[in-house]
**Q** 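Can you keep this structure in mind? I'll have questions shortly.
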Amino acid sequence: MNLFRFCSGLKVLGYFMILLVAGVVAVSYHAVVVSTWWPIFIESGHRAYSALALLIIVVFHFLLIMLLWSYLITVFTDPGSVPEHFRRELGDNLEAGNSNDQGGFGSLGYCPKCRNVKPPRCHHCSVCQRCVLKMDHHCVWIVNCVGARNYKFFLLFLFYTFLETMLDIVVLLPSFIKFFGQAIKHSSSPGNLASLVLAFVLNLAFVLSLLCFVVMHISLLSSNTTSVEVHEKNGEVRWKYDLGKKKNFEQVFGKKKVFWLLPLYSKDDLDNMTSLHGLEFPTRSDIDP
Ligand SMILES: [Zn+2]
Ligand SMILES: [Zn+2]
């Protein structure tokens, strides 16, 4: 099998995934808002029931905006590439005498494909065909690598998508049960019923697979490890980048609490936190010598 072709194929698959995401969003929107809760809000005689419908519609739109916002920021943010000057600076600092491309970089790695030094936690992505800073994984859903500069946005996308799909399942469940109970004498149009069943099944499939992913990334985040590094830890008693749960969280989400749930960083954090740029990362020995 030609690995290069396979990897380029993954890139094409990504565009199909974007269409799939758009399709799932459209079907869910139709099932939850257009055919179920908006009519209830308009037509229901009960005040409390109308208020509940309005609340569901508002929360649905809020989560939808947050997940699309996080998604677009993740897609369009460069995860971080090795800067041009990095190699020269490194050579000067270490007096590394690196006329030979292959050597003189101390404990740092070297990428023969890109012909550059790899900063700590940097890895080569065979789909993007370049080195990516603090690479976590190549994500086909976003047609981009997840790395130092977009990991937070990716986690927020995961978080809001998980909440939205959970909401969809909970608010579609009564209609879904009713559909099976009154399969013969239901009054809804066939189009509405099709979108209800499709949205319910798709959201259920998504929520189950997202749950595994969410749990995995919570565990990675709490130990300041990337998906790539899981295989590198090799039974180390305590991972060298593990600064404790709170600091590990701040290394990705920044220190300003108001920005934690937004796909943005404060200027203060960008100016003061080296980890957000992906070239230098504090280790345990820095804070606890
Ligand atoms: Zn590379
Ligand atoms: Zn990649």
Side-chain angles (χ1 to χ4, degrees), residues 1-22 67 70-91 93-94 96 98-158 161 209-210 212-214 216-217 220-221 224-232 241 251-252 263 274-281:
M1 186 176 70
N2 184 332
L3 201 65
F4 173 75
R5 271 194 142 163
F6 175 73
C7 291
S8 312
L10 281 182
K11 222 168 186 173
V12 177
L13 180 69
Y15 295 104
F16 172 74
M17 296 302 223
I18 289 186
L19 284 179
L20 192 65
V21 172
L67 88 83
S70 309
Y71 181 74
L72 291 174
I73 299 280
T74 316
V75 171
F76 291 112
T77 301
D78 181 1
S81 49
V82 180
E84 280 295 317
H85 63 84
F86 187 73
R87 182 161 155 179
R88 197 173 59 243
E89 276 178 7
L90 195 89
N93 292 344
L94 297 181
N98 48 3
S99 56
N100 173 2
D101 275 346
Q102 301 291 328
F105 303 114
S107 60
L108 293 167
Y110 174 80
C111 177
K113 293 184 191 110
C114 307
R115 298 171 71 83
N116 61 226
V117 175
K118 288 199 282 189
R121 315 186 78 178
C122 170
H123 285 275
H124 185 84
C125 172
S126 44
V127 183
C128 300
Q129 294 173 47
R130 66 182 178 106
C131 282
V132 173
L133 300 178
K134 199 192 173 205
M135 180 182 166
D136 191 88
H137 67 286
H138 186 90
C139 178
V140 286
W141 292 97
I142 58 161
V143 208
N144 197 2
C145 249
V146 177
R149 293 174 196 175
N150 64 354
Y151 186 51
K152 174 190 171 181
F153 313 144
F154 169 77
L155 291 181
L156 286 175
F157 167 56
L158 207 60
T161 308
S209 44
L210 280 171
C212 305
F213 225 50
V214 167
M216 183 181 106
H217 278 284
L220 289 173
L221 183 67
N224 200 354
T225 312
T226 65
S227 303
V228 175
E229 287 164 350
V230 170
H231 310 287
E232 285 177 6
Y241 296 112
Q251 289 293 302
V252 174
T274 55
S275 65
L276 303 182
H277 301 281
L279 288 172
E280 288 171 62
F281 302 92

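Counting starts at 1 for both ligands and their atoms, in listed order.
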**Q** Please state whether the separation between the Zn ion (ligand 1) and some N/O/S atom of Cys131 is under 2.8 Å?
**A** yes
**Q** Do Asp136 side-chain atoms and Thr226 backbone N/O form a donor-acceptor pair below 3.5 Å?
**A**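 Judged by distance alone, no pair lies under 3.5 Å.
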**Q** So that I can check it, does any N, O or S atom in His138 come closer than 2.8 Å to the Zn ion (ligand 2)?
**A**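 Checking His138: at least one N, O or S atom is under 2.8 Å.
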**Q** Tell me whether Phe76 at atom CZ has more than 12 heavy atoms from other residues, nucleotides or ligands lying less than 6.0 Å away.
**A** no
**Q** Between the Zn ion (ligand 1) and His124, which N, O or S atom of the residue is the nearest one?
**A**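 Relative to the Zn ion (ligand 1), the closest nitrogen, oxygen or sulfur of His124 carries the name ND1.
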**Q** Checking side-chain contact (heavy atoms from CB on, under 4.5 Å) for the pair Asn224/Arg121: CA distance, chi angles, key distance, verdict?
**A** CA-CA 11 Å; Asn224 200 354; Arg121 315 186 78 178; 3.4 Å; yes
**Q** Using the side-chain contact (heavy atoms from CB on, under 4.5 Å) definition, which of the options Val228, Leu279, Val252 pairs with Lys134?
**A**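 Only one option passes, and that is Val252.
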